[in-house]
Amino acid sequence: MPELPEVEVSRLGISPHLTGQQITQVIVRDRRLRWPVPASLETVAGATIEGVERRAKYLIISTTKGYLIVHLGMSGALRVVPADSLVVKHDHIDLVLGSGLCLRFNDPRRFGCWLFSATHPSADHPLLRELGPEPLTDAFTLDYLFNASRGRQQAIKTFIMDNHVVVGVGNIYANESLFKAGIHPKRAAGKVSKARYQRLVPIIKETLARAIEQGGTTLQDFTQADGQPGYFKQELMVYGRGGKACMQCKSTLKEIRLGQRSTVYCPQCQR
DNA sequence: AATGACCCCTGCTGGC
DNA sequence: TGCCAGCAGGGGTCAT
């Protein structure tokens with residue numbers, strides 16, 4: 001679920017309910033997340049929320065008493081619900097708000113995290129300080145990506161999924177973007193021509209941006225008890241379609257593993 | 001420095 | 001129907 005678009009959609013969905021609200025209570029039901037939830041998390045009780053930002057797939061909740069760093073991992077979800085809503089399995093954390101609502105975190109696999117930072121984490125926190133540029137900003141350019149790729153033997157797919165290179169390109173969008181750009185996922189990043197990066201960079205931006213727009217469906221369902229949308233499934237050209245026909249040339253799509261992740265491509269369209 | 005393997009965890013699917 | 005292997009949208013850490 002949480003690709004960059006989903007995280008951004010979550011941010012847009014929760015931000016209006018959080019900003020300006022006082023945190024009346026912090027409820028931690030299970031501390032066993034990616035890292036143990038620190039006791040310092042509870043110190044934001046009584047603080048007022050100033051805003052919610054996103055950096056890569058991290059959400060940063062700014063409060064008058066410090067910053068919360070939230071990651072959804074593979075299966076995490078954030079919802080704004082009435083504070084007395086029935087707690088279900090895997091509801092690990094609540095931020096109870098003065099409005100009577102609460103921000104509720106559910107995460108079956110517990111790969112997500114909730115951490116506290118006294119200072120703004122984007123520049124100095126170990127998890128955030130080494131991150132590459134945001135793909136949807138002007139910092140992510142053809143020249144940047146091309147220069148970063150020179151000398152790299154690594155497969156281009158793992159290269160564009162590397163958060164040091166560019167953040168937020170998850171497995172789905174790496175597959176889809178390389179297909180649209182006509183680039184074979186195993187090709188060495190350093191051997192892809194500048195002309196092909198010139199195609200790839202805007203394709204990554206467009207693919208992510210459109211998915212955020214589609215995430216609007218999730219946004220509408222946001223306060224409902226459960227919304228399990230499959231809204232970009234119908235747009236996927238290769239992801240999850242191994243063995244099926246290429247939508248462009250009808251060749252059989254190949255599925256391989258690259259960096260422990262399923263990788264699907266068209267051997268005809270992608271070189 | 002760069003690269004790849006491994007692991008964290010639960011839930012779902014597909015094969016037998 | 002039940003059981004089990006394999007896989008899942010992330011990413012930090014460690015060994016090479």
List the atom of [X], the atom of [Y], and the distance in Å for their closest heavy-atom pair.
X: A:Arg150; Y: A:Val192; answer: NH2-O, 2.6 Å
X: A:Ala174; Y: A:Met161; answer: CB-CG, 3.6 Å
X: A:Cys269; Y: A:Gln248; answer: SG-OE1, 3.6 Å

In this structure, how many angstroms lie between the [atom2] atom of [N] and the [atom1] atom of [X], rounded?
X: A:Met161; N: B:dA2; atom1: CE; atom2: C1'; answer: 17 Å
X: A:Ile172; N: C:dC7; atom1: CD1; atom2: P; answer: 17 Å
X: A:Glu6; N: C:dG10; atom1: CD; atom2: P; answer: 11 Å
X: A:Asn171; N: C:dA8; atom1: CG; atom2: P; answer: 8 Å
X: A:Ile160; N: C:dG11; atom1: CD1; atom2: P; answer: 14 Å
X: A:Leu72; N: B:dC9; atom1: CG; atom2: P; answer: 19 Å
X: A:His71; N: C:dG11; atom1: NE2; atom2: C1'; answer: 7 Å
X: A:Arg261; N: B:dA5; atom1: CZ; atom2: P; answer: 13 Å

Would one find more than 12 heavy atoms of other residues, nucleotides or ligands at under 6.0 Å from atom NZ of A:Lys186?
->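 Result for NZ/A:Lys186: open.
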Pi stacking test for A:Phe111 and B:dC8: under 5.5 Å apart, planes under 30° =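 Stack criterion met.
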Determine, for [X] against [Y], whether the closest basic-nitrogen to carboxylate-oxygen distance falls under 4.0 angstrom.
X: A:Lys180; Y: A:Glu235; answer: no
X: A:Arg210; Y: A:Glu213; answer: no
X: A:Arg104; Y: A:Asp94; answer: yes
X: A:Glu255; Y: A:Arg241; answer: no

Pairing partner (Watson-Crick or G-U wobble, both distances under 3.5 angstrom) of B:dC9 |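 No nucleotide pairs with B:dC9.
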Complementary nucleotide for C:dG9 - Watson-Crick or wobble, under 3.5 Å =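 Pairing partner, where one exists within any strand: none, as none qualifies.
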[N] phosphate, OP1 or OP2: any side-chain N/O from [X] under 4.0 angstrom?
X: A:Arg257; N: B:dG4; value: no
X: A:Ser262; N: C:dG9; value: yes
X: A:Gln154; N: B:dA2; value: no

When rounded to the nearest 0.5 Å, the distance separating CG of A:Asn175 from CD1 of A:Ile160 is 8.5 Å
Its contact letters, B for base, S for sugar-phosphate only and - for none at protein heavy atoms under 4.0 Å, make nucleotides 10-16 of chain B read BS-----
A:Tyr239 near the nucleic acid: base, sugar-phosphate alone, or nothing, with a heavy-atom cut-off under 4.0 Å?
-> sugar-phosphate
When we call it a touch if two heavy atoms are under 4.0 Å apart, what does A:Gly259 touch: a base, just sugar-phosphate, or nothing?
->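 A:Gly259: no heavy atom of the nucleic acid under 4.0 Å.
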Pair A:Lys89, A:Asn106: side-chain N/O donor-acceptor within cut-off below 3.5 Å = no
Under-3.5 Å N/O pairs linking protein and nucleotides 12-16 of chain C:
residue	atom	partner	partner atom	Å
C:dG12	OP1	A:Tyr58	OH	2.7
C:dG12	O4'	A:Arg34	NH2	2.7

How far, in whole Å, is C:dG11 from B:dA1 if one measures between their P atoms?
-> 23 Å
